*Asks:* 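If you scroll down you'll find the structure; I have some questions about it.
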Amino acid sequence: MSIQQSDVLYTAVATAENGRDGRVASDDGQLDVVVNPPKEMGGSGAGTNPEQLFAAGYSACFQGALGVVARNENADISGATVTAEVGIGKNDDGFGIIVKITASIPAVDQERAKDLVEKAHQVCPYSKATRGNITVELSVA
């Protein structure tokens, strides 16, 4: 279910110059990075790239969702980490991405961790935004 503009609590604003081979900056100056295609895609790899930025955002958002689920279920997720791997490759329309989310939750057993991760995937805004659009694989380390 989508939100309405009146429901928005915060809006991030970033502007790109020269696409994948340039610069991206937020309007508040907190983010200002050089972006370059990775060497694997023929670029210099000298800067970050959109896939790394997406992976950073998705992993942070998913970790937040995991925290919400854990609080609701009184689960201990101390020491937990979430890693997002974002792959890019050619598809029928040009290029597409896939994501693998790996959560490490050392304070709970494997089955409990899997349950928490599945539930976090249902509440994470990034997961909701990508659901049905890209492949997202979940795993527990």
Side-chain angles (χ1 to χ4, degrees), residues 1-5 7-141:
M1 183 167 146
S2 60
I3 64 171
Q4 303 301 312
Q5 187 61 39
D7 298 322
V8 172
L9 301 174
Y10 168 75
T11 300
V13 178
T15 302
E17 297 171 5
N18 209 34
R20 288 183 160 273
D21 204 2
R23 177 177 162 262
V24 177
S26 61
D27 65 334
D28 63 2
Q30 294 297 311
L31 177 73
D32 191 344
V33 295
V34 172
V35 289
N36 299 115
K39 290 180 182 179
E40 296 85 348
M41 293 179 67
S44 70
T48 189
N49 59 67
E51 292 70 40
Q52 288 175 327
L53 295 169
F54 187 72
Y58 203 159
S59 62
C61 189
F62 201 95
Q63 177 85 33
L66 186 61
V68 168
V69 170
R71 279 188 298 281
N72 288 343
E73 299 206 2
N74 206 24
D76 179 9
I77 62 162
S78 57
T81 60
V82 173
T83 301
E85 299 173 51
V86 176
I88 183 169
K90 292 187 177 188
N91 65 11
D92 294 339
D93 297 345
F95 286 89
I97 61 171
I98 61 171
V99 175
K100 180 178 180 184
I101 300 286
T102 303
S104 172
I105 313 172
V108 299
D109 66 51
Q110 194 79 352
E111 285 307 309
R112 181 75 165 135
K114 286 179 183 178
D115 182 59
L116 293 169
V117 167
E118 286 289 340
K119 289 176 178 174
H121 188 49
Q122 297 307 307
V123 268
C124 174
Y126 275 56
S127 292
K128 288 180 182 181
T130 59
R131 189 166 291 119
N133 298 311
I134 65 171
T135 300
V136 177
E137 177 187 338
L138 302 175
S139 88
V140 176

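Please read all numbers here as calculations on a predicted model, not as lab measurements.
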*Asks:* Are more than 12 heavy atoms, taken from residues, nucleotides or ligands other than Ile98, located less than 6.0 Å from that residue's CD1 atom?
*Replies:* no
*Asks:* Between Val35 and Thr48, is any pair of side-chain heavy atoms under 4.5 Å apart?
*Replies:* yes
*Asks:* Can you tell me how far apart OG1 (Thr11) and CD (Gln5) are? Round to the nearest 0.5 Å.
*Replies:* 6.0 Å
*Asks:* Ignoring hydrogens and angles, tell me if any N or O in the side chain of Glu118 forms a donor-acceptor pair with the backbone of Asp115 under 3.5 Å.
*Replies:* no
*Asks:* Using the test salt bridge (Lys or Arg N to Asp or Glu O under 4.0 Å), find all partners of Arg20 that sit at least two apart in sequence or belong to another chain.
*Replies:* Glu51
*Asks:* If you look at every heavy atom in Ala65 and Ala120, which pair is closest and at what distance?
*Replies:* CB-O, 3.7 Å
*Asks:* Return the NE2 to CG distance between His121 and Leu66, rounded to the nearest 0.5 Å.
*Replies:* 13.0 Å
*Asks:* How far apart are the closest heavy atoms of Ile101 and Ala84, and which atoms are they?
*Replies:* CD1-CB, 3.8 Å
*Asks:* Using modelled atom types only, decide if a donor and an acceptor are shared between the side chain of Thr102 and the backbone of Ala141 within a distance under 3.5 Å.
*Replies:* no
*Asks:* Tell me if a side-chain donor or acceptor on Asn133 pairs with a main-chain N or O of Ala129 at a distance below 3.5 Å.
*Replies:* yes
*Asks:* Side chains of Ile105 and Val140, heavy atoms from C-beta outward: is any pair under 4.5 Å?
*Replies:* no
*Asks:* Would a 4.5 Å heavy-atom cut-off, applied to side chains only, mark Gln52 and Asn49 as touching?
*Replies:* yes
*Asks:* Using modelled atom types and a 3.5 Å cut-off, is there a donor and acceptor pairing between side-chain atoms of Arg131 and backbone atoms of Val136?
*Replies:* no
*Asks:* Hey, does Val108 have a side-chain heavy atom less than 4.5 Å from the side chain of Ile77?
*Replies:* no
*Asks:* If you take all heavy atoms of Glu73 and Lys119, which pair is closest and at what distance?
*Replies:* OE2-NZ, 2.7 Å
*Asks:* What are the two closest heavy atoms between Ala75 and Arg112, and how far apart are they?
*Replies:* CB-NH2, 3.4 Å
*Asks:* For Thr15, enumerate each residue passing the side chain to side chain donor-acceptor pair (under 3.5 Å) test, keeping only those at least two apart in sequence or located in another chain.
*Replies:* none
*Asks:* Grab the two heavy atoms, one from Lys39 and one from Ser44, that are nearest each other, plus how far apart they are.
*Replies:* CE-O, 3.3 Å
*Asks:* Classify the ring geometry of Tyr58 against Phe62: parallel below 30°, tilted from 30° to 60°, perpendicular beyond 60°.
*Replies:* tilted
*Asks:* Are the side chain of Thr130 and the backbone of Ile134 linked by a donor-acceptor contact shorter than 3.5 Å?
*Replies:* no
*Asks:* Between Asn36 and Gly47, what is the shortest heavy-atom contact and its length?
*Replies:* OD1-N, 2.9 Å
*Asks:* Any side-chain heavy-atom pair from Pro38 and Met41 closer than 4.5 angstrom?
*Replies:* yes
*Asks:* Can you pull out every ring pair (Phe, Tyr, Trp, His ring centres under 6.0 Å) where at least one residue sits in residues 10-40? Sequence neighbours excluded, please.
*Replies:* none
